[in-house]
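This report refers to the structure that appears directly beneath it.
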Amino acid sequence: MEQQLSTDAIRIALPDGSVRSYDGPVRGDEIAADIGPGLASAALAIRVDGTMRDLASVIDRDAEVSIVTGKDADALALLRHDAAHVMAEAVQELYPDTQVTIGPAIENGFYYDFARSEPFTPDDLARIEERMREIVDRDEAIVREIWDRDAAIEFFKNLGEHYKAQIITDIPEGEAISIYRQGQWLDLCTGPHLPSTGKLGKAFKLMKVAGAYWRGDSRNEMLQRIYGTAWADQKQLKAYLHMLEEAERRDHRRLGREMGLFHVQEEAAGSVFWHPKGWTLYRLLQNYMRTRLEHAGYVEVNTPQLVDRSLWERSGHWEKFREHMFTAEAEERMLALKPMNCPGHVQIFRHGVKSYRDLPLRMAEFGACHRNEPSGALHGLMRVRAFTQDDAHIFCTEDQVTGETAAFCALLQNVYRDLGFDDVIVKFADRPAKRAGSDETWDRAERALTEATAAAGLATIPNPGEGAFYGPKLEFVLRDAIGRDWQLGTLQVDFVLPERLDAVYVGEDGQRHRPVMLHRAILGSFERFIGVLIEHHAGRFPLWLAPVQVVVAPITNDADAYAGQVQAALAGAGLRTEADLRNEKINYKVREHSLAKVPVIAVVGAKEAAAGTVALRRLGGAQQEILALEEAVATLRQEAASPFSR
RNA sequence: GCCGAAGUAGCUCAGUGGCAGAGCAACUGAUUCGUAAUCAGUAGGUCCGGGGUUCAAAUCCCCGCUUCGGCACCA
């Protein structure tokens, strides 16, 4: 860093366009105080030429400066990072045998990873949180110091802080070793930080304790991570906690049980027992996709579940994917349940001679796959061991990759829109460390995909090193109704598998050529997608997807016969209906079917029976709509139509 | 797979060494009611599985399974 002692005036440009001049180097808090006492007490940090720095940092040259206060969006990250430090201080005061490691700000909060032989209990969390509030009350000044590297390593080693010493050792030579001190406690940190612990405020809460590997590597020892959430004020904290409750209310595992959609049980961990209503939803979604795919020029196939090991060896799966494959033995042959559909599709492609006129060949399969996922990864429908993909492989020429990718992106966006998702992010995942194929092949594949996304007008976010072992991929991420992201769709360019499994076509030139394979899925898997769909809609599916669309509820048993007629009329129009003829009050029936999230309740009593009408009550609405039976049937039939049918 | 927690009636949960419980749901009966819970009664248990300690175990100890929260991995 350049130290210039200049007698020249330092000119500080503020966001409102004004410029203040100082005789020499000036601190951020001095500038804030200069502007006004209100700002001085609200000031948390400064931004110097766009970079956030400590309030007390010295500005020794002309710069654009703004004062960061609690109203600033970036202040939250600062505050959360401080919350992590205050938590670490509290933990080390309470549990001196604990070593600190790292503690960053994250979305919605912060965490800190500790090394300690005893596990932290929920009671410990309450104690730590209480101590944190005390530290906030102490309002300890937070001061940045620059230390000598070797002295810092020695210091932390003497404290028994071996992780910190390791972190400092790994900081590149020439970089400053900055230490932040607050009260008796200090930590290695690049900052910036708030001026004092009192500025943190008390809108925080410790949420949970969990295991986390040192440096995120499963070969390393496991640390204890304490997660917390922190906000600028109590109102924001309360809103966040409310959002968590909302997420819990929408949990697909809970709704799946309450709505009678599916269950899982330990004898088949990671596989789904679909109940009639859940399977109805599944079939509706599959039929919709089938229609979409047919319209988009796909052909549908079906390939074997159990396939001899030799094919997986040729495809490369045995080498790269073995640990995730289930195997079976029969008559001294080793078979494996397919974890992917691609090798099977190449076998179909290879049957008969393919010509360039056959390309692009879009081969779709609702392929049931099994993958032996690690037990700790299983989670409701979101992560299972047996699932069905809306999978397809597009065999095409290199020249067709761009057009096929663009067409796929359009199809995908239409499907997502039909299913109620508008917010889609696209990530570009390039070559992973463990991969098949030469670097030249990867260069070509990545270039083709880059060109294709540019042609499709898609903005992509890089996701380095996350490609499939056989090729780069696009990952389509949906944002749901309560702001959570789900990676579902994918498109992967593959120059490797056609080579390994010897797929060829005869070109215009009469010569044999390798096709390119595009692996693509829109929903990803039906299981996961339905999980997301349940949570996104909070179980209140659009009418066309609701397993039961209308319940006919007579007010007394006198209307049972008419209720039967109404149900028959609705069913005759293709609507999925039930009649609730139980001897219960209408209040009870309305409550029960509302809780079951049935979109429409058709109430019929003596009046309706006499007039040939029905009273429709929509889910979530208190108004009823009285229509002639035929009119009600016609209206509902129209509303319940699939958003895409040929 | 790793760290931590949990597993009791269909569901939500109480029960810290001495008779296995509640509410809702189910079933039976009564009630026939106009838009989010009618009343009464009945039935329902491998207290996750296996071993151990004890006169006695849902409860204490050990092993395993599953689930939950994370981590790692991933559609």
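What you see is a predicted model, and the numbers here were worked out from it, not measured in a lab.
- Residues from residues 604-623 of chain A with heavy atoms under 4.0 angstrom of RNA chain B, sorted by number: A:Gly605, A:Ala606, A:Lys607, A:Glu608, A:Ala615, A:Arg617.
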For nucleotides 8-15 of chain B, print each protein N/O atom paired with a nucleotide N/O atom at under 3.5 Å, atom names and distance only.
| unit_1 | atom_1 | unit_2 | atom_2 | d |
| --- | --- | --- | --- | --- |
| B:rU12 | OP1 | A:Arg257 | NH2 | 3.1 |

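- Proximity of A:Ile128 to A:Met132: side-chain heavy atoms (C-beta onward) are separated by under 4.5 Å at one or more points.
- Using a 4.0 Å heavy-atom distance criterion, A:Lys208 is classed as a sugar-phosphate-only contact.
- Residue contacts for A:Thr556: at a heavy-atom cut-off of 4.0 Å it reaches a base atom on one of the strands shown.
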Evaluate the criterion salt bridge (charged side-chain N to carboxylate O under 4.0 Å, His left out) for residue pair A:Arg249 and A:Glu245; output intermediate values, then yes/no.
CA-CA 6 Å; A:Arg249 204 175 65 74; A:Glu245 283 171 27; over 6 Å; no
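- Of the N and O atoms on the side chains of A:Asp124 and A:Tyr95, at least one donor lies less than 3.5 Å from an acceptor on the other residue.
- Between the P atom of B:rC71 and the CZ atom of A:Arg219 lies a distance of 19 Å, rounded to the nearest Å.
- For A:Gln623, the CD atom counts as loosely surrounded, since its 6.0 Å shell holds 12 or fewer non-hydrogen atoms of other residues, nucleotides or ligands.
- Taking side-chain N and O atoms only, A:Asn587 has a distance below 4.0 Å to OP1 or OP2 of B:rA36.
- Within the shown strands, B:rG23 is the pairing partner of B:rC11 under the Watson-Crick or G-U definition, both distances less than 3.5 Å.
- A salt bridge is absent between A:Arg215 and A:Asp217: the closest approach of a Lys/Arg side-chain nitrogen to an acidic carboxylate oxygen does not fall below 4.0 angstrom.
- Taking atom CG of A:Leu244 as the reference point, atom P of B:rC68 lies 18 Å away to the nearest angstrom.
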Side-chain atoms of residues 482-492 of chain A: list all donor-acceptor pairs with protein atoms under 3.5 Å, sequence neighbours left out, distances to 0.1 Å.
| unit_1 | atom_1 | unit_2 | atom_2 | d |
| --- | --- | --- | --- | --- |
| A:Arg484 | NE | A:Asp480 | OD2 | 3.1 |
| A:Arg484 | NH1 | A:Glu535 | OE1 | 3.1 |
| A:Arg484 | NH2 | A:Asp480 | OD2 | 2.9 |
| A:Arg484 | NH2 | A:Glu535 | OE1 | 2.9 |
| A:Asp485 | OD1 | A:Arg479 | NE | 2.8 |
| A:Asp485 | OD1 | A:Arg479 | NH2 | 3.3 |
| A:Asp485 | OD2 | A:Arg479 | NH2 | 3.1 |
| A:Trp486 | NE1 | A:Asp480 | OD2 | 3.1 |
| A:Thr490 | OG1 | A:Leu474 | O | 3.2 |
| A:Thr490 | OG1 | A:Gln492 | NE2 | 3.1 |
| A:Gln492 | OE1 | A:Tyr470 | OH | 2.4 |

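- Contact annotation: A:Lys473 reaches the phosphate of B:rA75 (side-chain N/O to OP1 or OP2, under 4.0 Å).
- Applying the 3.5 Å distance criterion, the base of B:rG70 shares no donor-acceptor pair with the side chain of A:Tyr213.
- Using a 4.0 Å heavy-atom cutoff across all strands shown, A:Leu523 reaches no nucleic acid atom at all.
- The list of side-chain hydrogen bond (donor to acceptor under 3.5 Å, both in side chains) pairs with a residue in residues 412-421 of chain A, not counting sequence neighbours, reads A:Tyr288-A:Asp418, A:Arg292-A:Asp418, A:Asn414-A:Arg417.
- For RNA chain B, the residues of residues 260-272 of chain A within the heavy-atom distance limit of 4.0 Å (strictly under) are A:Glu266, A:Ala269, sorted by number.
- Distance CG (A:Asp391) to C1' (B:rC74): 16 Å, rounded to an integer number of Å.
- Among the atoms of the strands shown, only primed sugar atoms or phosphate atoms (P, OP1, OP2) are found under 4.0 Å from some heavy atom of A:Ala212.
- A:Asn557 contributes a side-chain N or O that forms a donor-acceptor pair with the base of B:rU32 under 3.5 Å.
- Comparing A:Pro119 and A:Ile555 along RNA chain B, the residue whose closest nucleotide (by nearest heavy atom) sits nearer the 5' end is A:Pro119.
- Put simply, A:Arg253 has a side-chain N or O that comes within less than 4.0 Å of OP1 or OP2 on B:rG69.
- For the segment residues 367-386 of chain A, the set of residues with a heavy atom within less than 4.0 Å of an atom of RNA chain B comprises A:Arg371, A:Glu373, A:Pro374, A:Ser375, A:Gly376, A:Ala377, A:Leu378, A:His379, A:Gly380, A:Arg383, A:Val384, in numerical order.
- Put simply, CG on A:Leu223 is 12 Å from P on B:rA72, counting in whole angstrom units.
- Within 4.0 Å of A:Gly216, counting heavy atoms only, lie sugar-phosphate atoms of the nucleic acid but no base atom.
- Within the 4.0 Å cut-off from OP1 or OP2 of B:rA25, at least one side-chain nitrogen or oxygen of A:Tyr588 is found.
- Taking 4.0 angstrom as the limit, A:Tyr227 places a side-chain polar atom (N or O) nearer than this to OP1 or OP2 of B:rC71.
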